[in-house]
Protein chains: 2
Amino acid sequence: MSVTLKQLAASLDLSPTTVSRALNGFPEVNAATRRRVEQAAAAANYHPNTRAKSLATGRAQAIGHVIPLSTSHEIVNPVFADFIAGAGEVYASNGYEMILRVVPDDDEASAYSDLVARGSVDGVILHGPRIEDARVALLADLGLPFLVHGRTSGVNTPYSWLDINNQRSFHRATEFLCSFDHRRIALINGLEEMDFAQRRRNGYLEALAKAGIEPDPMLMRQGEMTEPYGYRAAQEMIQLPEPPTAFLASSIIVAYGILRGLSDLGLKLGRDISLVTHDDELSYLPNDGDVPLFTATRSSVREAGRRAATMLLRLVAKPDSGPLTELMETSLVLGASTGPVRR
Amino acid sequence: MSVTLKQLAASLDLSPTTVSRALNGFPEVNAATRRRVEQAAAAANYHPNTRAKSLATGRAQAIGHVIPLSTSHEIVNPVFADFIAGAGEVYASNGYEMILRVVPDDDEASAYSDLVARGSVDGVILHGPRIEDARVALLADLGLPFLVHGRTSGVNTPYSWLDINNQRSFHRATEFLCSFDHRRIALINGLEEMDFAQRRRNGYLEALAKAGIEPDPMLMRQGEMTEPYGYRAAQEMIQLPEPPTAFLASSIIVAYGILRGLSDLGLKLGRDISLVTHDDELSYLPNDGDVPLFTATRSSVREAGRRAATMLLRLVAKPDSGPLTELMETSLVLGASTGPVRR
DNA sequence: TCGCCTTCCCAAAGCGCTTTGGATGATTAA
DNA sequence: TTAATCATCCAAAGCGCTTTGGGAAGGCGA
């Protein structure tokens, strides 16, 4: 099937040792010999067997991603695909494999310890952190390098993470709406237990407080970020005795739902009502052009994937390089969905 | 770090051989001994090292998915996440690992041969087949079991695939629109070179021919299936001297774009104009409820992932079980987006 | 000339597992 | 009673690689 090191060595009249060293850039091999080996390897399309190599070195050369699939709310996070694409680029160019494991979410803990016990990965990325997420302590216990995409509040264990500045993002967005004299601003957020949702809400509340606006529970909602969720939220809130004059959405998918909900009622975004959404720059829902459809807090989740992977690889190379953290700022992009309050 | 077979054997005063056999269900081990071993293994959280195991057995216990990332049109296929989720479930419950490799699309060929040479996978799933896709022959040459998600026209090599009946689907959808007296039906399709797009177009043309309608090139469009693509297509076509009275969309994301495009012009789906879309049942864009938003040809891509994975595993177990094929029919689901022609 | 570095290569052990080919008693058939 | 058969176990080789610990030439200074 495929060439082995031994075969390659035999065909060159060299020992496996020398061939191995030649290909791995060790100094104790003659330059001419090295060239000869490299050429023969290329000609024979030789690639070292990953499993043998990592058995010998003790490094798996692979990073794991565990995707918990809740049995109750079976949503595959749409942000996930773009994040993975970004991370994958980095893994590929560094010779790492990406291992994905889809598990029922009550099995997630055992998935990690299984991954460690089997020695399948050198590190993992933790997705979708909740508030006080127990997985962080679990991973720390396992001694496996890991990086959280997002953060988790109320956890003492130090850990590495990459996050966007959710609080500031939504603070700014709210402030921006306030500057247009909006005082009834609805927040259509993600699931309550998600850490990012809480941070966004904090930013929102903070800005309201600063503007002297009393938050109205009727205008705050959390749930799985689907299109119909946005649609229903918009339609229901607009029927309130005191409807909102602006919406703040946690995902562009929800924003599309809100847009449709309002438009079905004959309301036009930017004129009759305002909307700011977070925009992860999902590739199939681009919100760009001269004047984007939505005013948005924008941050590329693809880029986040790239950076997260880079950080994790650094962590794998030097496990004691301490917790690595990065907070990405978002940009507030002006689109067509915002304007002054209509009276 | 983690327990090895040798350690486990030593702690039990048994040989590695016996422990291995006990855990792998071989008959030549005493029932009492087996129980003892199993208990000790569970207590010690023993899991065999994957790499060592697969080195010894020659099977990788892993399936590869290669995700080509075109440098020109950088769209991460939104359908992909749900397909992966379905396939992942099956891999996990069969003890297989899922390996994802993100590669620039001009490197895709070498990605496969690399995967084979390194012995990292026992099989691969081929995504996004084009018309006359060269990758099929390539994979057949490599001798690696593989399964195509979709099909490819004009390829002689026999191969295994799982596809939905795209042609029939769009035939039925077109026929359905014709039955409402629509005669100007626009097709907003995926990228021309994709095999599924061609099949859908064939179904569409076939039905038009049967209804005695001359296809109008002005009403046929292909492109990357984003929301703005649908929006633009709708807006432009509606301005034609002879605008369409119905749309046929290849993706629910495009359908949302069309919906928005029409609604911006004050047109209401189902009343002023009709729309049928293909619906992959993406979890964050559910098109269900009593009366779904869109009339659609529906087929769960998550389920497709499950079935594809199951088929591939069967193929890996028995490589000569011949090419396996499965054609999934879609259901035509009546929603609120269709109605008779408005005059 | 001798001894000591370098330079360049190799044999062999080992990573953690499976698997082949026995070995050892105990059990059974004749 | 003896040989053949079972039921259980084990030693050792091997999967394809890396890495430790030399070892043989050749070059150098004295």
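Each chain gets a letter, A, B and so on, in the order its sequence line appears, and its residues count up from 1.
A donor and an acceptor atom never sit less than 3.5 Å apart when one is taken from the side chain of B:T18 and the other from the base of D:dT8. In this model, no side-chain donor or acceptor of B:T57 finds a partner on the base of C:dT19 within 3.5 Å.
Put simply, A:Y46 has no side-chain N or O that comes within less than 4.0 Å of OP1 or OP2 on D:dG16. Taking only side-chain nitrogens and oxygens, A:T17 never comes nearer than 4.0 Å to OP1 or OP2 of C:dC9. Taking side-chain N and O atoms only, B:N30 has a distance below 4.0 Å to OP1 or OP2 of D:dT8. Within the structure, a side-chain polar atom (N or O) of B:T33 is placed less than 4.0 Å from OP1 or OP2 of D:dC9. OP1 or OP2 of D:dT18 lies within a sub-4.0 Å distance of a side-chain N or O belonging to A:N24. Using a 4.0 Å cut-off, no side-chain N or O of A:N49 falls inside it from OP1 or OP2 of D:dC17. The phosphate of C:dT18 has OP1 or OP2 within less than 4.0 Å of a side-chain N or O from B:K53. OP1 or OP2 of C:dC10 sits under 4.0 Å from a side-chain N or O of A:S15.
Evaluation of the ring-ring contact (aromatic ring centres under 6.0 Å, His included) rule for A:H47 yields no partner, not counting sequence neighbours.
Atom NE2 in B:H47 sits roughly 19 Å away from atom C1' in C:dT18 (whole-Å rounding). The distance from atom CG of A:L14 to atom C1' of C:dT7 is 15 Å, rounded to the nearest whole Å. The interatomic distance linking A:F26 (CZ) with D:dT20 (P) rounds to 8 Å, in whole Å. Distance, B:D13 CG to D:dA11 C1': 16 Å, rounded to whole Å. One interatomic measurement links the two molecules: CZ of A:R118 to P of C:dC17, which rounds to 10 Å at whole-angstrom precision. The distance from atom CD of A:E28 to atom P of D:dT19 is 11 Å, rounded to the nearest whole Å. Rounded to an integer number of Å, the gap from A:K6 NZ to C:dC10 P is 15 Å. The interatomic distance linking B:L12 (CG) with D:dT8 (P) rounds to 17 Å, in whole Å.
Distance from the side chain of B:R21 is smallest for D:dC10 among the nucleotides D:dC10, D:dC15, C:dG16.
Checked for salt-bridge contact, B:R302 and B:D82 meet the test: a charged N lies under 4.0 Å from a carboxylate O. A salt bridge is defined here as a Lys NZ or Arg NE, NH1 or NH2 lying under 4.0 Å from an Asp or Glu carboxylate O, and B:R118 with A:E97 fails to meet this definition.
Between the A:D133 side chain and the A:R135 main chain, a donor and an acceptor come within less than 3.5 Å of each other. Listed for the A:T33 side chain is no donor-acceptor partner under 3.5 Å among the backbone atoms of A:V29.
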Query raised in the report: After noting the C-alpha distance and the side-chain angles of A:L126 and A:Y159, does the key distance pass the side chain to side chain contact (heavy atoms under 4.5 Å, CB included) rule?
Result: CA-CA 11 Å; A:L126 182 58; A:Y159 62 94; over 6 Å; no
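Annotation for B:G322 and B:L315: closest pair O-CD1, 3.7 Å, computed over non-hydrogen atoms.
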Query raised in the report: Reading nucleotides 23-28 of chain D 5' to 3', which nucleotides get B (base under 4.0 Å from a protein heavy atom), which S (sugar-phosphate only), which -?
Result: ------
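Relative ring orientation between A:H127 and A:H149 is described as perpendicular, the plane-to-plane angle rising above 60° on a 0-90° scale split at 30° and 60°.
Checking B:L55 against B:P16, the closest nucleotide of DNA chain D that is more toward the 5' end is the one next to B:P16.
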